[in-house]
Amino acid sequence: MDFDFIPEEDMQEMNSALEDGDLCKATERLRESLKEIEKATLDIAITGQSGTGKSSFVNAIRGMGDEEEGSAETGVVETTMKPTPYTHPQHPNVTIWDLPGIGTPNFAEADYLECVEFRRYDFFIIISSERFKQYDIDLAKAIQAMDKKFYFVRSKVDNDLHASQVQRKKTYNEENVLKEIRDNCIKNLNDEGIDEPRVFLLSLLELDKYDFYKMQETVDKELPTHKRQIFLESLPNISLPILEKKREALRKEIWKWSFVSCAVAVPYTGHKFLTCDIAILVTSMIRIQKAFGLDKLSLVKLANKSGKDVSELKSVVKSPLDINKELLTTLLARGKTGTLKKVEYVASFIPILGTMTAGGILFGTTYRTLCDFLKEMAEDAARVLRKALE
Ligand SMILES: Nc1nc2c(ncn2[C@@H]2O[C@H](COP(=O)(O)OP(=O)(O)O)[C@@H](O)[C@H]2O)c(=O)[nH]1
Ligand SMILES: [Mg+2]
């Protein structure tokens, strides 16, 4: 997408935010909504019986390898009685909880949800590596009764596919095998009284395959608005469609960041002294960088996980790794030189900002600078992903 214009969707949102023509009120409202998004927390509960892949899921969803420090230990017999929280390394507001299997002998089924303090979770993921058992089904029903959301994950489908490949050398068809597994799971859950269960087939060793994208879309749709952003930003950068999805979600925030950062300047305008609130913009750029896994910590983690040297990954990153005031000032200055760009021209006619053309132009420059930055980051992220998979 080319960012030399402001999309209709943004224009409409902007116009409705500014409807009553009061710049201060509009800015305040935007600030509040940005703050709400920033403060949003996400607590995801992973449950299911021992050995099904819960710990593997916890690691995969946080973009971590099983051997990495701070990862959930996999392949061990369950001994935990208590939910174990795993904070997302780059997004501390996101916590994945590895819950003890409901089938572990120490756990009295009836008390399970109370013991794990079910209220704290935004949604539950119930994992099984075979057919869903009575425990899973009872648990799903209990969660439903508590008015909480849950999704079924059928893990280890890579094993099923492999087995089927060996058994049916001539007639093997991946799509058919997956459909068979999916239909079986759904029928099994239907028979037990769960209507329209959401079942996603995954391999926790290759999270980007099979139903992960579909699962992410479903969860995204069902989350409250202020939690969607953090959910999308924290998804592991494992495939191009996920990167594209993040880019789209972040793009929608850009006009808000630009507006809030520029609004401080408008009342005091006088073309010469017009500046925007740099801190807000630096924070949003850091957020973009983190979402795409291009901060130093994420790159080191990815290097470890993919067995590449971090310098190799960095070699395909074209944008600067250090985001600070100086960088932003340079980018804004670069954006300001030359003739008025279409985006600035359009922005200078945004009613409330357009009353002071300079405010409009400043907004336009900021908006375009962030859009360009986002575009470059998204492209870098795609190159890094390709390199890591090489
Ligand atoms: N092939 C394959 N193995 C898996 C998958 N998920 C987990 N495993 C393996 O199954 C074993 C148990 O996984 P773990 O995450 O410890 O299960 P937990 O007991 O539910 O936490 C480990 O050896 C994992 O590597 C998967 O999707 N595919
Ligand atoms: Mg475990």
Side-chain angles (χ1 to χ4, degrees), residues 43-89 95-107 109 112 115-116 121 123-140 143 150-167 172 174 177-182 184-185 198-216 235-236 238-239 242 304-307:
D43 290 272
I44 306 173
I46 315 297
T47 173
Q49 287 163 72
S50 194
T52 54
K54 293 189 298 298
S55 301
S56 305
F57 188 94
V58 168
N59 293 337
I61 199 82
R62 295 187 304 155
M64 292 178 99
D66 286 350
E67 290 167 328
E68 211 173 307
E69 204 186 313
S71 66
E73 205 175 343
T74 56
V76 291
V77 176
E78 208 130 73
T79 50
T80 45
M81 289 286 295
K82 282 204 312 220
T84 313
Y86 292 94
T87 306
H88 194 296
T95 310
I96 326 287
W97 297 80
D98 193 347
L99 301 196
I102 196 168
T104 40
N106 299 335
F107 242 110
E109 219 175 298
Y112 183 80
C115 288
V116 301
Y121 310 109
F123 59 89
F124 288 78
I125 290 174
I126 305 174
I127 307 190
S128 174
S129 51
E130 308 158 29
R131 60 197 303 279
F132 289 92
K133 306 270 164 52
Q134 200 57 47
Y135 291 123
D136 304 314
I137 289 154
D138 292 343
L139 179 62
I143 297 171
F150 59 94
Y151 307 92
F152 292 102
V153 162
R154 166 59 160 82
S155 63
K156 306 193 188 181
V157 293
D158 53 317
N159 282 346
D160 298 85
L161 289 171
H162 181 71
S164 173
Q165 219 164 2
V166 172
Q167 283 161 358
Y172 175 78
E174 180 177 302
V177 180
L178 292 174
K179 184 172 180 317
E180 225 170 88
I181 301 174
R182 195 175 294 117
N184 262 329
C185 285
R198 271 85 52 88
V199 180
F200 301 97
L201 272 42
L202 298 182
S203 164
L204 304 177
L205 309 185
E206 300 159 293
L207 195 64
D208 57 315
K209 290 193 173 165
Y210 315 115
D211 289 345
F212 185 71
Y213 191 78
K214 213 164 74 191
M215 175 167 168
Q216 157 284 123
L235 286 175
I238 47 174
S239 68
I242 297 273
N304 286 337
K305 203 175 144 214
S306 60

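Predicted model, so just to flag it, every value in this text is computed and none were measured. Whatever order the structure lists them in is the order used to number ligands and atoms, beginning at 1.
- Lys54 contributes a side-chain N or O that, together with a main-chain N or O of Gln49, makes up a donor-acceptor pair within less than 3.5 Å.
- Contacts between Thr52 and ligand 1, counted as non-hydrogen atom pairs separated by less than 4.0 Å, involve both the backbone and the side chain.
- The residue among Ser50, Ser56, Ala72, Ser155 with a heavy atom at the shortest distance from atom 14 (P) of ligand 1 is Ser56.
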Next item on the list: Could you go through the side chain to side chain donor-acceptor pair (under 3.5 Å) check for Tyr86 and Ser71 one step at a time?
Entry: CA-CA 8 Å; Tyr86 292 94; Ser71 66; over 6 Å; no

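- Distances from the Mg ion (ligand 2) show that Thr74 has no N/O/S atom below 2.8 Å.
- When each atom of ligand 1 is checked for a heavy atom of Lys54 under 4.0 Å away, the hits are 15 (O), 17 (O), 18 (P), 20 (O), 21 (O).
- A donor-acceptor contact closer than 3.5 angstrom links the side chains of Gln134 and Asp138.
- Every atom of ligand 1 is numbered from 1 in the order shown, and the set under 4.0 Å from a heavy atom of Ser203 is 27 (O).
- Of the heavy atoms in Thr74, both backbone and side-chain atoms come closer than 4.0 Å to ligand 1.
- Taking only nitrogen or oxygen atoms, main chain and side chain alike, Leu202 does not reach within less than 3.5 Å of ligand 1.
- For the residue pair Ser55 and Asp98, a side-chain donor N or O sits within less than 3.5 Å of a side-chain acceptor on the partner.
- Using a 4.0 Å cut-off to heavy atoms of Gln49, the atoms of ligand 1 that qualify are 20 (O).
- Shown in contact with Asn159 at under 4.0 Å from a heavy atom are these atoms of ligand 1, numbered in order with element: 1 (N).
- Distances below 4.0 Å separate heavy atoms of Gly51 from the following atoms of ligand 1: 12 (C), 17 (O), 18 (P), 19 (O), 20 (O).
- Considering backbone and side-chain N/O of Asp66, none are found under 3.5 Å from N/O of ligand 1.
- Every residue meeting the salt bridge (charged side-chain N to carboxylate O under 4.0 Å, His left out) condition with Glu68, not counting sequence neighbours, appears here in chain and number order: Lys301.
- Of the N or O atoms in Gly53, one or more lie within a sub-3.5 Å distance of an N or O in ligand 1.
- Below 30°, between 30° and 60°, or above 60°: for Tyr151 and Phe200 the angle between ring planes is between 30° and 60°, a tilted geometry.
- A salt bridge links Arg154 with Asp160: the distance from a Lys NZ or Arg NE/NH1/NH2 to an Asp or Glu carboxylate oxygen falls below 4.0 Å.
- Remark: Glu130 pairs with Lys133 by the salt bridge (charged side-chain N to carboxylate O under 4.0 Å, His left out) rule, at least two apart or across chains.
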